[in-house]
Amino acid sequence: MPGWGSNGTGSLFTSISAPAATGRLWTGFSTTATHIDVMPRLKSLKRCARARAMRAVRRFMRGHGATGAPLKPRRVSDPVIRFRAPRDGETVVDDQVQGKVSVANRDLDDLVILRSDGSPTYNLAVVADDHDMGVTHVIRGADHLTNAARQAQIYSALGWDRPVFAHVPLIHGPDGAKLSKRHGALGIEAYRAMGYLPVALRNYLVRLGWSHGDDEIFSMDEMVKWFDLTEIGRSPSRFDFSRLENLNGHYIRLSEDEALGAMLRAIVPDLPMEEKPPNADNEESWRKLSQAMPGLKERAKTLVDILNAGRFVFASRPLEIDDKAGKLLDEDARNVLRALLQPLEALHEWNVSEIEAALREFTGMSGLKLGKVAQPLRAALTGRTTSPGIFDVLSVLGKEETLARIQDQVS
RNA sequence: GCCCCCUUCGUCUAUCGGUUAGGACGCCAGGUUUUCAACCUGGAAAGAGGAGUUCGAUUCUCCUAGGGGGUGCCA
């Protein structure tokens, strides 16, 4: 996405417009790229306004006589310049999404276009700036619909052609209230820190207010090929985290292990303390994490989930055992673990297939179901009742660490 | 208050006047399974209400209700 963030006074939620020449996207506008034609005229208007206001005040004071106090106007407070809007008729905006929207002109007031300090206000600035840049399409949130009518009037007053307007429906929060930068807004960085992938976010967002038959998963190419303004619905939607999580899980499972590892390391600084892995600067732990990635990504909905589920590779002994895992480690379980030490110790090769063979042989001999062996092991090795496949856990941890963690529980 | 926009399962949506109103997420049940996920099968779940137009309305029109947005020397 080009042009995220804010430049000067504009920002993501204000306006997105495309200059014809380059086809690049711009967000907001810059008040420094100014409007050669308009500004000087307005400036002089302002001087006139001030002079006129002075005269009016004097007149008023004369009219009220010299009743006492020293009534001598020093200076008129700085005037503003307003746009003289048409009083009759209506202004019609032909919007690509909303259709023809008409507003009676009597409902649109004479808005301020130049502040008392001489700077232009939003509605004048976007119009002048978009015009200067040759912007062809103004696409923004439906909260700007009324502004479009005002801006249309300004375009007309200036004798300029209007760009194409498109006002897309807003996205409300899960509670149905507006989601915007000034109210309960979540910036894009917040979603990053929650462990959402850019691809997932894009895919989720594109389906809000827009659809392509029954399709749910879109590649970037498909989005570009199929998306069209004319197919956008007009009703606002709610932000649904479970839907986002589902897509995010989908894309995590599709991601390469190395790519996930890189993203994980990148977001660690942005995470709250309790979500950061312990000893996060330990390279060996990161190596183990990437080794465990196939099993971890299978189970995760967010990057934070991966870090959380993969915490056991970062943890140092003695391991913290959570409540559920603790209850699992009763006397029977400890006996199983004790009996496991010897056959594991005897393994020369420490890899998934050797480990699996050894454990299955053990269950065969002892008559225990694999679950009766796997769960205590899982508890002792990860401190949790859920984890990636148990053979993978042993393999990733390494022989020495595995035996030590079991020893911690049986002694 | 005034103006504008919106209204199909809880949520996102499909439907270009005639369908058993479809799909997805979530939820419930079952299957698979070393846990949890993933995956597979099945299930519950919707046209806000009222008038019209029409042989026939979810679909077109109007009204009501509800929701949202706007109404700044904010953007």
Side-chain angles (χ1 to χ4, degrees), chain A residues 6 8-15 28-29 31 78-82 93 95 97-99 101-104 106-109 111-123 125-126 140-150 167 169-172 174 176-178 180-182 204-217 233-247 249-250 252-253 295-301 305 309 324-325 328 356 359-360 363 368-379 382 384-393:
Chain A
S6 54
T9 41
S11 86
L12 175 62
F13 293 95
T14 52
S15 82
F29 63 86
T31 36
D78 283 347
V80 297
I81 302 299
R82 286 177 185 274
V93 174
D95 193 279
V97 171
Q98 305 287 332
V101 178
S102 52
V103 182
R106 86 179 106 80
D107 293 323
L108 266 16
D109 57 357
L111 74 168
V112 171
I113 50 180
L114 269 198
R115 299 186 185 90
S116 48
D117 70 359
S119 62
T121 56
Y122 174 71
N123 281 303
V126 259
R140 29 127 86 153
D143 53 341
H144 282 270
L145 239 188
T146 322
N147 283 334
R150 296 209 165 89
H167 289 86
L170 299 179
I171 299 169
H172 294 151
K178 182 187 176 188
S180 80
K181 66 173 175 179
R182 279 190 176 71
Y204 174 68
L205 254 16
V206 80
R207 276 286 283 102
L208 254 32
W210 176 85
S211 67
H212 185 265
D214 282 343
D215 296 328
E216 300 288 350
I217 305 286
R234 283 191 281 244
S235 52
S237 49
R238 292 185 182 207
F239 201 99
D240 180 13
F241 278 94
S242 60
R243 174 86 181 116
L244 210 210
E245 288 197 340
N246 172 268
L247 282 167
H250 171 85
I252 283 180
R253 271 170 259 132
L296 289 169
K297 73 181 181 188
E298 195 69 28
R299 295 161 172 77
K301 287 191 168 67
D305 286 349
K324 275 185 282 184
L328 218 137
E356 174 164 5
L359 288 181
R360 289 201 186 277
T363 57
L368 289 170
K369 296 183 82 168
L370 185 51
K372 282 290 179 193
V373 178
Q375 278 308 83
L377 258 182
R378 198 181 320 274
T382 68
R384 311 268 180 90
T385 52
T386 67
S387 82
I390 196 64
F391 312 128
D392 294 319
V393 171

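Every chain is numbered from 1, with letters handed out A, B, ... down the list of sequences.
Between A:Pro169 and A:Ser235, the closest heavy-atom pair is CB-O, 3.5 Å. Here the shortest heavy-atom pairing between A:Ile252 and A:Ala300 reads CD1-O, 4.4 Å. Annotation for A:Arg299 and A:Gly295: closest pair NH1-O, 2.7 Å, computed over non-hydrogen atoms. Considering all non-hydrogen atoms of both residues, A:Leu145 and A:Gln98 come closest at CD1-CG, 4.1 Å. Between A:Thr382 and A:Ser387, the shortest heavy-atom contact is CG2-CB, 4.0 Å.
Between the side chain of A:Asp143 and the base of B:rG70 there is no donor-acceptor pair of N/O atoms closer than 3.5 Å. Judged by distance alone, with hydrogens and angles left aside, A:Thr121 brings no side-chain donor or acceptor close enough to the base of B:rC73 to form a pair under 3.5 Å.
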Pairs under 3.5 angstrom, nitrogen or oxygen only, protein versus nucleotides 4-11 of chain B, please.
{"from": "B:rC5", "atom 1": "O2'", "to": "A:Gln98", "atom 2": "OE1", "distance (Å)": "3.3"}
{"from": "B:rC6", "atom 1": "OP1", "to": "A:Arg234", "atom 2": "NE", "distance (Å)": "2.7"}

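Comparing the same atom, P, in B:rG31 and in B:rA21 gives a spacing of 32 Å after rounding to whole Å. For B:rA65 and B:rG49, the P atoms lie 16 Å apart once the distance is rounded to whole Å. Comparing the C1' positions of B:rU11 and B:rA46 gives an interatomic distance of 12 Å, to the nearest angstrom. Separation of the P atoms belonging to B:rU59 and B:rG47 is 13 Å when rounded to the nearest angstrom. Comparing the same atom, C1', in B:rC9 and in B:rA48 gives a spacing of 14 Å after rounding to whole Å. B:rU32 and B:rG42 have their C1' atoms separated by 15 Å, given to the nearest Å. Across B:rC25 and B:rA37, the matching P atoms stand 16 Å from one another, rounded to whole Å. Distance noted for atom C1' between B:rG22 and B:rU58: 13 Å (whole Å).
Aromatic rings from A:His250 and A:Tyr204 are positioned such that their centres are separated by 6.0 Å or more.
The structure places CG of A:Leu370 at 5.0 Å from CZ of A:Phe391, a figure rounded to the nearest 0.5 Å.
Taking atom NE2 of A:His212 as the reference point, atom P of B:rG23 lies 19 Å away to the nearest angstrom. Counting to the nearest Å, the P atom of B:rA75 and the CD1 atom of A:Ile113 are 14 Å from each other. Rounded to whole Å, atom C1' of B:rC12 lies 15 Å from atom CZ of A:Phe241. Note: NE2 (A:His250) to C1' (B:rG26) measures 18 Å, nearest angstrom. Between the CG atom of A:Leu108 and the P atom of B:rC3 there is a distance of 13 Å, given to the nearest Å. Rounded to an integer number of Å, the gap from A:Leu114 CG to B:rC74 P is 12 Å.
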A:Ser119 vs A:Arg115, side chain to side chain donor-acceptor pair (under 3.5 Å): CA-CA, chis, key distance, verdict: CA-CA 5 Å; A:Ser119 62; A:Arg115 299 186 185 90; 2.8 Å; yes
Would A:Asp240 and A:Ser242 satisfy side chain to side chain donor-acceptor pair (under 3.5 Å), going step by step from the backbone distance to the final call? CA-CA 6 Å; A:Asp240 180 13; A:Ser242 60; 3.0 Å; yes
Before giving the answer on salt bridge (Lys or Arg N to Asp or Glu O under 4.0 Å), spell out for A:Arg150 and A:Asp109 the whole-Å C-alpha distance, their side-chain angles and the decisive distance to 0.1 Å. CA-CA 9 Å; A:Arg150 296 209 165 89; A:Asp109 57 357; 3.7 Å; yes
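Comparing A:Ala142 and A:Asp214 by the nucleotide of RNA chain B whose heavy atom lies nearest to each, the residue mapping closer to the 5' end is A:Asp214. Two residues, A:Arg150 and A:Leu208, neighbour RNA chain B, and the one matched to the more 5' nucleotide by heavy-atom proximity is A:Leu208.
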Which letter, B, S or -, goes with each nucleotide of nucleotides 28-47 of chain B from 5' to 3', with contact meaning a protein heavy atom under 4.0 Å? ------BBBBS---------
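Of the candidate nucleotides B:rG23, B:rC73, B:rA75, B:rC73 has the atom nearest to the side chain of A:Val80.
Across the strands present, B:rC2 finds its partner in B:rG70; the criterion is a Watson-Crick or G-U wobble pair with both atom distances under 3.5 angstrom. The partner of B:rC9, taking Watson-Crick or G-U wobble pairs whose two distances both stay under 3.5 Å, does not exist in any strand shown. The partner of B:rU54, taking Watson-Crick or G-U wobble pairs whose two distances both stay under 3.5 Å, does not exist in any strand shown. Shown here, B:rG30 forms a base pair with B:rC40; the pair counts as Watson-Crick or G-U wobble because both key distances fall under 3.5 Å. Using Watson-Crick or G-U wobble geometry with both donor-acceptor distances under 3.5 Å, B:rA45 finds no partner in any strand shown.
By the 6.0 Å contact criterion, CZ on A:Arg106 is open, its count of non-hydrogen atoms from other residues, nucleotides or ligands being 12 or less.
The residue A:Asn147 sits close to a base: some heavy atom pair falls under 4.0 Å.
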